[in-house]
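Values below: every heavy atom of this structure, side chains too, minus hydrogens, waters and symmetry copies. As the structure is a computational prediction, the values presented were derived from the model and not from experiment.
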Amino acid sequence: MRQKELRVALVCYGGISLAVYMHGVTKEIWHAARASRAMHRGDPPTAAGDACGVQTVYRHLFDLLGQERGLKLRLLPDIIAGASAGGVNGVFLAQALISGQSLEPLTRLWLEKADVDVLLDPDAKPWSRFAKIWAQPLVWFLLKRPGNVVSRTVPAETRAEVRLKVSRLIRARWFAPPFSGIGFSRLLADALAAMAQAGSDGEALLPPGHPLDLLVTTTDFNGHPEELQLNSPPVVEESEHRLAIGFRAVAGQSAVIAPDAELVLAARATASFPGAFPPLQVAEIDQLVAERQKNWPTREAFLRRIMPSRWRRALVADAALVDGAVLVNRPFAQAMDVLRDRPAQREVDRRFVYIDPSPEHIGIDGRHGRTVGFFSAIFGALSSIPREQPIRDNLESLGRISRERERMRGIVDALRPDIDAAVERLFGHTLFFDQPSPKRLTAWRNRAQQAAAEQAGFAFHGYGQVKLTGMVADLAQVIAEAAPECGRAQDIESALWQHLRAQGLDRPAAARGGATPAAIELYRDHDIAFRIRRLKLLARRLAHDWEDGEGIARPAREAARETVFQAQALYQARISGATLGTDFPAIAAQVRADPASVLRAIAERRDLRAVDLLVDGMIVAALQGMERPLRRRFLYAYLGFPFYDIATLPLLQGEGMGEFDPIKVDRISPEDAISIRAGGTRACLRGVEFFHFGAFFSRAYRENDYLWGRLHGAERMIDLIASTADQPLDNAVLRLIKRDAFLAILHEEKARLHAEPGLVERVIGEVETAFADG
């Protein structure tokens with residue numbers, strides 16, 4: 001069967017108490033990923049109606065794609081970016097994906113603990129019903145006057161609970177955050193501990209060797225100084241408030257995404273809603289670690305990595321971190337930043353999927369022709385407008401990337417006849433071309449590289465500079481991540497360029513054509529990107545361009561692609577500085593004083609020349625099992641890659657042609673999942689009340705929103721998975737799959753959701769009515 005990976009870059013918006021809804025959605029992504037893993041490792045499908053009934057439905061969908069469309073699909077949520085409430089859910093989903101742990105303990109946290117009475121700081125709670133007696137008129141105005149917000153929006157059966165909790169909140173301390181910061185950190189730590197205690201099935205939900213990136217946004221309230229390069233004065237300092245906390249773990253190599261203390265810090269910081277929670281300071285996490293008598297051996301390295309500017313100035317302890325949604329509520333850019341170095345094991349269908357529980361948002365005066373009032377103008381300018389800005393800029397950026405990839409695909413297709421002819425002239429009469437050996441292949445590869453460089457003429461000068469520039473930038477990034485105290489990657493890049501100029505390596509093109517001998521040695525030591533681009537192009541040719549080739553059967557192409565992806569993984573594994581040894585940060589810290597020794601250490605530890613020989617051996621072994629038509633095409637594409645690269649790399653400004661397929665964007669929202677109930681957010685969710693704090697006032701609200709999160713998440717995940725097939729599945733079949741998923745979820749949750757009597761039964765009735773014709 002044709003094999004494909006559906007890779008999801010998940011972007012989770014802020015939403016305050018709608019975090020409960022987002023947990024329901026992310027839980028469905030987790031269930032679908034578990035079903036995908038089970039299918040790929042050959043687990044037998046479980047019987048319908050068991051404790052993982054919805055996983056059985058997802059498994060059936062994956063099996064159906066294989067049976068009816070010849071597509072063996074694997075779902076890989078490998079990038080997660082979140083802000084505020086979305087950041088909290090992202091942290092726990094990432095932990096479950098990389099560790100194999102269950103998300104069930106997190107469900108208990110949201111339903112039982114995400115409550116005003118639990119979140120209130122003990123020092124802020126009113127000590128009796130007479131406390132702050134002077135606030136009683138305000139309580140009456142908000143809760144008991146005719147037409148008040150509770151009477152208008154809260155069902156009769158939950159009004160007493162909501163009124164009591166709102167009253168306590170109003171009569172809590174004023175002019176200080178009512179919710180406990182350390183209390184929130186303890187809840188997050190409890191949830192992580194509960195996930196660990198519940199155990200793991202021992203295997204990540206991603207394939208071994210595949211990276212998972214987690215990024216959450218927060219806001220440095222006081223700001224930290226960052227340098228800007230100008231013409232005059234040459235350097236100025238500016239206060240930067242945006243702060244992204246990133247984690248990366250590799251499946252099969254990491255038991256968790258990060259230590260608990262670091263995950264709690266990230267989740268607590270990103271969800272520190274201004275005015276509700278106090279800003280997070282590192283001392284709070286230190287207190288938590290001490291309370292639990294835990295160790296945090298990576299503390300210094302972690303803080304140095306996420307706050308390098310403050311670390312250099314010894315200002316980490318002064319940092320006050322507040323909600324990430326204040327400045328970055330929709331962290332698309334953070335997810336886009338980690339797209340470049342993704343390994344490819346199969347054909348890739350890349351999706352950006354964002355969860356937006358309330359696309360319509362709360363209206364601001366003036367949107368319907370009314371005059372904007374004093375407080376509306378202030379509240380809108382400081383809070384609502386920044387949070388509600390559309391993602392048009394992000395989508396346009398992704399659109400530009402997709403259009404560039406399509407143009408490059410057209411350029412490569414147009415170049416193919418001439419390059420095939422050039423390779424034919426170069427190797428058409430070569431002895432033993434149909435009997436390659438590792439030694440011969442290495443020699444042919446070097447010969448093709450030199451011929452492409454010489455035939456390019458003056459064009460090679462531009463190509464060589466673009467190639468060198470990209471290589472130096474990648475090296476600087478690796479060094480900066482290992483030794484952030486050395487400054488930004490741009491500063492390290494400048495130090496490397498100074499060294500290269502002193503060695504005469506800043507001009508890689510030789511006077512008579514091709515690269516200089518010194519430049520060739522430099523490329524052989526450090527140019528991982530070229531090697532990966534070559535293999536990615538070869539994988540695409542095997543997947544798409546030779547489908548109708550005479551005498552080339554699909555099983556033979558799939559076997560060849562498997563070899564190509566295995567070879568690519570060897571190079572991908574050497575991109576990160578994490579593979580350079582535990583002592584590399586100390587070596588990297590010498591980059592300004594001795595850049596040559598740092599570059600030499602990187603070259604020795606990556607040992608790309610040895611990998612080249614290993615890859616050549618793998619390819620020769622694969623070639624020996626191929627029929628002659630495929631073997632010839634494979635060799636021509638592999639050896640001819642330098643011709644393509646010289647023609648296309650300058651056009652892409654160094655980005656290369658790693659992925660040709662466009663990036664697609666999908667949304668998960670109540671507005672899009674209407675199979676059961678129309679009307680979107682307002683018709684389904686209760687957490688939108690009280691400016692999105694509603695679910696913190698009632699367990700019934702939380703249960704309702706969690707349930708709809710699962711139902712909407714299931715509907716959109718089924719749509720997403722089915723859309724990967726070139727030929728769509730029959731709509732009637734998809735309706736049956738959705739019905740089965742909805743009923744499986746409702747039966748799973750029936751015993752747990754009890755705060756609002758009859759909730760599950762009513763929704764079951766809606767499902768049966770909506771699908772009565774199915």
* Is there a donor in the side chain of Asp323 and an acceptor in the side chain of Ser84, or the other way round, less than 3.5 Å apart? -> yes

* Ser723 side chain to Arg351 side chain, donor-acceptor N/O pair below 3.5 angstrom -> yes

Check: [Y] and [X] side chains under 4.5 Å, non-hydrogen atoms:
{"X": "Phe247", "Y": "Leu263", "value": "yes"}
{"X": "Arg702", "Y": "Trp110", "value": "no"}
{"X": "Ile718", "Y": "Tyr58", "value": "yes"}
{"X": "Ile29", "Y": "Leu97", "value": "no"}
{"X": "Glu28", "Y": "Val25", "value": "no"}
{"X": "Pro77", "Y": "Leu206", "value": "yes"}
{"X": "Phe62", "Y": "His40", "value": "no"}
{"X": "Gln568", "Y": "Leu538", "value": "no"}

* Mind running side-chain contact (heavy atoms from CB on, under 4.5 Å) on Asp213 and Asp337 for me, showing each step along the way? => CA-CA 10 Å; Asp213 282 285; Asp337 285 344; over 6 Å; no

What is the minimum heavy-atom distance between [X] and [Y], and which atoms define it?
{"X": "Arg69", "Y": "Leu729", "value": "NH2-CA, 3.7 Å"}
{"X": "Ala32", "Y": "Met717", "value": "CB-CE, 4.3 Å"}
{"X": "Arg7", "Y": "Asp78", "value": "CD-OD2, 3.8 Å"}
{"X": "Ala695", "Y": "Tyr701", "value": "CA-CB, 3.8 Å"}
{"X": "Met195", "Y": "Gln95", "value": "CE-CG, 4.0 Å"}
{"X": "Gln55", "Y": "Ala35", "value": "O-CB, 3.5 Å"}

Hey, could you give me the [atom1]/[atom2] distance between [X] and [Y], rounded to the nearest 0.5 Å?
{"X": "Lys664", "Y": "Asp349", "atom1": "NZ", "atom2": "CG", "answer": "4.5 Å"}
{"X": "Ile80", "Y": "Leu93", "atom1": "CD1", "atom2": "CG", "answer": "4.0 Å"}
{"X": "Asn704", "Y": "Cys684", "atom1": "CG", "atom2": "SG", "answer": "8.0 Å"}
{"X": "Gln334", "Y": "Ile245", "atom1": "CD", "atom2": "CD1", "answer": "11.5 Å"}
{"X": "Leu212", "Y": "Arg248", "atom1": "CG", "atom2": "CZ", "answer": "9.0 Å"}
{"X": "Gln572", "Y": "Ile532", "atom1": "CD", "atom2": "CD1", "answer": "4.0 Å"}

* Asked: With sequence neighbours excluded, what pairs up with Tyr706 under the ring-ring contact (aromatic ring centres under 6.0 Å, His included) test?
  -> His23

* Structure fact -> By ring-ring contact (aromatic ring centres under 6.0 Å, His included), Phe184 pairs with (sequence neighbours left out) Phe277

* Is it true that a side-chain atom of Ser669 and a backbone atom of Asp356 form a donor plus acceptor pair closer than 3.5 Å? -> yes

* Asked: Using 4.0 Å as the upper bound for N to carboxylate O, is an ion pair formed by Lys738 and Asp719?
  -> yes

* Would you call Asp201 and Arg34 a salt bridge, taking side-chain N to carboxylate O under 4.0 Å as the test? -> yes

* Structure fact -> Contacts of Gln67 meeting side chain to side chain contact (heavy atoms under 4.5 Å, CB included) (sequence neighbours excluded), chain-then-number -> Asp63, Leu64

* Asked: Between Tyr354 and Tyr13, how do the two ring planes meet: parallel, tilted or perpendicular, split at 30° and 60°?
  -> parallel

* To do: Mind running side-chain contact (heavy atoms from CB on, under 4.5 Å) on Glu703 and His754 for me, showing each step along the way?
  => CA-CA 8 Å; Glu703 290 185 2; His754 51 74; 4.3 Å; yes

* Answer yes or no: does atom CD1 of Ile674 have more than 12 heavy-atom neighbours from other residues, nucleotides or ligands under 6.0 Å? => no

* Asked: Can Asp726 and Lys4 be said to form a side-chain contact (heavy atoms from CB on, under 4.5 Å), step by step?
  -> CA-CA 11 Å; Asp726 294 334; Lys4 182 187 285 190; 4.2 Å; yes

* Hey, mind stepping through Glu104 and Lys27 against side-chain contact (heavy atoms from CB on, under 4.5 Å) and telling me if it holds? -> CA-CA 9 Å; Glu104 290 298 335; Lys27 196 169 182 181; 2.9 Å; yes

